[in-house]
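All residue numbers in this chain count up from 1 along the given sequence.
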Amino acid sequence: MPVQVPRCPGVRTKLPVLGWLPRYSGAWLQLDLVAGLTVGLTVVPQALAYAEVAGLPLQYGLYSSFMGCFVYCFLGTAKDVTLGPTAIMSLLVSSYAFHEPVYAILLAFLSGCIQLAMGLLHLGFLLDFISSPVIKGFTSAASITISFGQVKNILGLQGIPRQFFLQLYEMLRRIGETRAGDAVLGLACLAALAGLRAMKSRLPRAAPAAPLAARISHLIVWTSATARNALVVLFAGLVAYSFQAMGSQPLTLTGSIPQGLPTFRLPRFSMAAPNGTVPFQSMVEDMGVGLAVVPLMGLLETVAIAKAFASQNDYRIDPNQELLAIGFANILGSFVSSYPITGSFGRTAVNAQSGVCTPAGGLVTGALVLLSLAYLTSLFYYIPKAALAAVIVSAVLPMFDAGIFRTLWRVKRLDLVPLCVTFLLCFWEVQYGIVAGMLVSGILLLYSIARPPVKVSEGDALLVQPGSSLHFPAIEHLRDTICSRALAASPPRSVILDCCHISSIDYTVVVGLAELLRELRKHGRSLAFCGLQDPVLQVLLAAELEGFQHFPSREEAEQCGGAELGGSGTAPLTSETSLLPTGLIQ
């Protein structure tokens, strides 16, 4: 049985590895080895490809792929999650690191510090302010942006700018310069990856009672489809090597990648430039809003993936511990020249489908990346850029969710506004799209708070029922609604404010209600409250509002209706009951 990482008090809370390691078994080891190797075969070609997206030398993709695996094994609370470079994070790094490794590494360090601080302060709730339409708009735009960014490599074009609209213009203008070899190989790799993906999705589960030959065949097909990135890149590399051996090379190759492990050292807090040294303060100013966007998106991806697979595989995670894990992973990763990392949905899915039992599978994945850096980088020279581009396109295209537009049109059309704002502006600049989408979502949220639904019913008395809690932006709207209806009613009616849906109020609301009481009394109308919840009642009693009357139920308030409530029938409850000190409200 796969282990659930327990949430224990004390040291085990901060070191989840102590919860599952004492119970580790040989059966788990076998499954973790298989899962770790399978994910490793996926992460190596993806790491090279994502470094291209980030605008960094390809070895930095490998530098970013092992430390997260090691750290998460000790600090993570989800058995399936694997950390490393991803398409989304690589796109953000491209925007905020300016294709400079020094900036990218420093961004990883500072992002890790911010994420660690958020975890220690339990600030994970801030992620809740990034709405689903904003996330969907960003990921869909990123899918298109990243895919188009790789078309130039599939076509073999050089010198294409990275800005989306300039990129599109230049590729259309120079389409005649396409290298036939790159185009044929790139399209063939795309077709192979799509075919293997479809094969895996339609592969039936092997029956335990099936003949040995059938089970072996199933294992071969499953392994081939799962490790499709590695197989396609290996095949493309063999094709390129064959051309090289024959003395011709119609393909654009990756080229030399430095061999060996990165040096373990502090990230550099300044950078040498042609006209002097760029100090730390200037580097931070250059990264600007990226120091907020990158940590938040990294946390969002990791926590969302962890929650999804925990729910799917029936175990629980600790979100605040996940923040600590990703924070430490980025800080320590920066010591080995890593750019910012986060949870990978694709590799996490491969990990889960491979039957991983504990986070120890990440140790195998990290070790495989280190072996690749130590011994295999000379072979990476022959990997065609078109093959890596096909790997990226195959990975990011499923992120485009065309159905979300139709779903929101059917469910709530107003949510299309932040979705479309984010989606469109991300083609200009990623940070503008995310920030604008969050601002629009915030404005829509504030508008719903400032204009809560107010139901008004006319009878012997004017019954007013707010549909949600009252906060200071809403009190003017409520006052205007009550005054306009009460003063226009003929014959004059008393007003009953049904507060059954109001669970909290603030001082501004209390002041507004006091003014409402005075204004209605000046025009010969009365106002009574009913259905007050205890926290709201205590605040209103403590305020000692002049003329304040409240009833336990709407029926009792209606029985006391008339020009002056409380003159007959059931006596209202006044501020003499449960009176609290006036100083309660500051």
K.L.:
Please check if the side chain of S143 supplies one atom and the backbone of V396 the other of a donor-acceptor pair under 3.5 Å.
P.N.:
yes
K.L.:
Has K385 got a side-chain atom pairing as donor or acceptor with G156's backbone, closer than 3.5 angstrom?
P.N.:
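Here the side-chain-to-backbone pair does not exist.
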K.L.:
Give a yes or no on whether Y24 atom OH has more than 12 heavy-atom contacts from other residues, nucleotides or ligands under 6.0 Å away.
P.N.:
yes
K.L.:
For a side-chain contact (heavy atoms from CB on, under 4.5 Å) check, start with the C-alpha distance between F380 and L58, then their side-chain angles and the critical distance, and finish with the verdict.
P.N.:
CA-CA 10 Å; F380 296 158; L58 300 194; over 6 Å; no
K.L.:
Check whether T277 reaches the backbone of A273 with its side chain - one donor and one acceptor, N or O, closer than 3.5 Å.
P.N.:
no
K.L.:
Just so I know, are the side chains of Y63 and L373 near enough to count as touching, which here means a heavy-atom distance under 4.5 Å?
P.N.:
yes
K.L.:
For F345, does the CZ atom sit with more than 12 other heavy atoms under 6.0 Å from it, leaving out its own atoms?
P.N.:
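Count not over threshold, so no.
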K.L.:
Quick check: closest heavy atoms across F427 and A141, and the distance to 0.1 Å?
P.N.:
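Scanning both residues completely, I find the closest heavy atoms to be CE2-O, 3.9 Å.
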K.L.:
Scan residues 359-376 for pairs that pass side-chain hydrogen bond (donor to acceptor under 3.5 Å, both in side chains), counting only residues two or more places apart or in two chains.
P.N.:
none
K.L.:
What do you reckon, is CZ of F400 surrounded by more than 12 foreign heavy atoms closer than 6.0 Å?
P.N.:
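Enclosed.
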K.L.:
For the residue pair T358 and D32, confirm or rule out a side-chain donor-acceptor distance under 3.5 Å.
P.N.:
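Side chains of T358 and D32: pair found under 3.5 Å.
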K.L.:
Find out whether L190 and I154 are in side-chain contact, i.e. whether some heavy atom of one side chain is under 4.5 Å from a heavy atom of the other.
P.N.:
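They are in contact (side-chain heavy atoms under 4.5 Å apart), so the answer is yes.
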K.L.:
Give a yes or no on this: more than 12 heavy atoms of other residues, nucleotides or ligands lie within 6.0 Å of atom CZ of R265.
P.N.:
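No - once you tally the heavy atoms of other residues, nucleotides and ligands closer than 6.0 Å, there are 12 at most.
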K.L.:
Do S248 side-chain atoms and Q244 backbone N/O form a donor-acceptor pair below 3.5 Å?
P.N.:
no
K.L.:
Restricting to pairs with a member in residues 217-233, which pass side-chain hydrogen bond (donor to acceptor under 3.5 Å, both in side chains), not counting sequence neighbours?
P.N.:
K200-T226
K.L.:
Begin with the C-alpha distance, continue with both residues' side-chain angles, and end with the deciding distance and a verdict on side-chain contact (heavy atoms from CB on, under 4.5 Å) for F138 and M297.
P.N.:
CA-CA 10 Å; F138 166 62; M297 292 307 298; 3.3 Å; yes
K.L.:
Is the count of non-hydrogen atoms from other residues, nucleotides or ligands lying under 6.0 Å from R173 atom CZ greater than 12?
P.N.:
yes
K.L.:
Among residues two or more places apart or on two chains, list those pairs meeting side-chain hydrogen bond (donor to acceptor under 3.5 Å, both in side chains) that have a residue in residues 323-345.
P.N.:
S64-S338, S90-Y339, Q115-N330, T302-T342
K.L.:
Do Q321 and P16 touch side chain to side chain, with heavy atoms closer than 4.5 Å?
P.N.:
yes
K.L.:
Are T377 and Q59 linked by a side-chain donor-acceptor pair shorter than 3.5 Å?
P.N.:
no
K.L.:
Looking at every non-hydrogen atom in both residues, tell me the closest pair between P45 and L388 and how far apart they are.
P.N.:
O-CD2, 3.8 Å
K.L.:
Quick check: do V284 and L110 have side-chain heavy atoms less than 4.5 Å from each other?
P.N.:
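V284 vs L110: side chains touch.
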K.L.:
Tell me the closest heavy-atom pair linking A51 and P57, and the distance in Å.
P.N.:
CB-O, 3.8 Å
K.L.:
If you count the non-hydrogen atoms of other residues, nucleotides and ligands that lie under 6.0 Å from CD in E285, is the total more than 12?
P.N.:
yes
K.L.:
How long is the gap from SG on C357 to CD on Q30, to the nearest 0.5 Å?
P.N.:
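CD of Q30 is found 9.5 Å from SG of C357.
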K.L.:
Could you tell me which non-hydrogen atom of S94 sits nearest to which non-hydrogen atom of H99, and how far apart they are?
P.N.:
OG-NE2, 3.4 Å
K.L.:
Atom CD of residue position Q249 - does it have more than 12 heavy atoms of other residues, nucleotides or ligands inside 6.0 Å?
P.N.:
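Correct, the count exceeds 12.
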K.L.:
Which pair of non-hydrogen atoms, one from L56 and one from P101, has the smallest distance, and what is that distance?
P.N.:
CD2-N, 3.8 Å
K.L.:
Are the side chain of T348 and the backbone of T82 linked by a donor-acceptor contact shorter than 3.5 Å?
P.N.:
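Between the backbone of T82 and the side chain of T348 there is a qualifying donor-acceptor contact (under 3.5 Å).
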K.L.:
Using the test side chain to side chain donor-acceptor pair (under 3.5 Å), find all partners of Y103 that sit at least two apart in sequence or belong to another chain.
P.N.:
D286
K.L.:
Answer yes or no: is there a donor N or O on one side and an acceptor on the other, between the side chain of S394 and the main chain of A390, under 3.5 Å?
P.N.:
no
K.L.:
Could you give all pairs that pass the salt bridge (charged side-chain N to carboxylate O under 4.0 Å, His left out) test and reach residues 180-195, with sequence neighbours left out?
P.N.:
R179-D182
K.L.:
For T77 and D318, indicate whether the former's side chain and the latter's backbone hold a donor-acceptor pair under 3.5 Å.
P.N.:
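Such a contact is found between T77 side chain and D318 backbone.
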K.L.:
Under 4.5 Å between any side-chain heavy atoms of Q150 and E52, yes or no?
P.N.:
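Result yes, sub-4.5 Å side-chain heavy-atom pair found.
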K.L.:
If you look only at pairs with a residue in residues 257-299, which of them pass as a ring pair (Phe, Tyr, Trp, His ring centres under 6.0 Å), with sequence neighbours excluded?
P.N.:
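Residue pairs passing ring pair (Phe, Tyr, Trp, His ring centres under 6.0 Å), neighbours aside: F109-F269, F264-F335, F269-F280.
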K.L.:
Does any non-hydrogen side-chain atom of I326 lie less than 4.5 Å from one of L116?
P.N.:
no
K.L.:
Quick one: CG on L106 to CD on E100, what's the gap to the nearest 0.5 Å?
P.N.:
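It is 12.5 Å, given to the nearest 0.5 Å.
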K.L.:
Please report the shortest heavy-atom distance between P267 and I105, naming the atom on each side.
P.N.:
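Shortest heavy-atom contact: CB-CG2, 3.7 Å.
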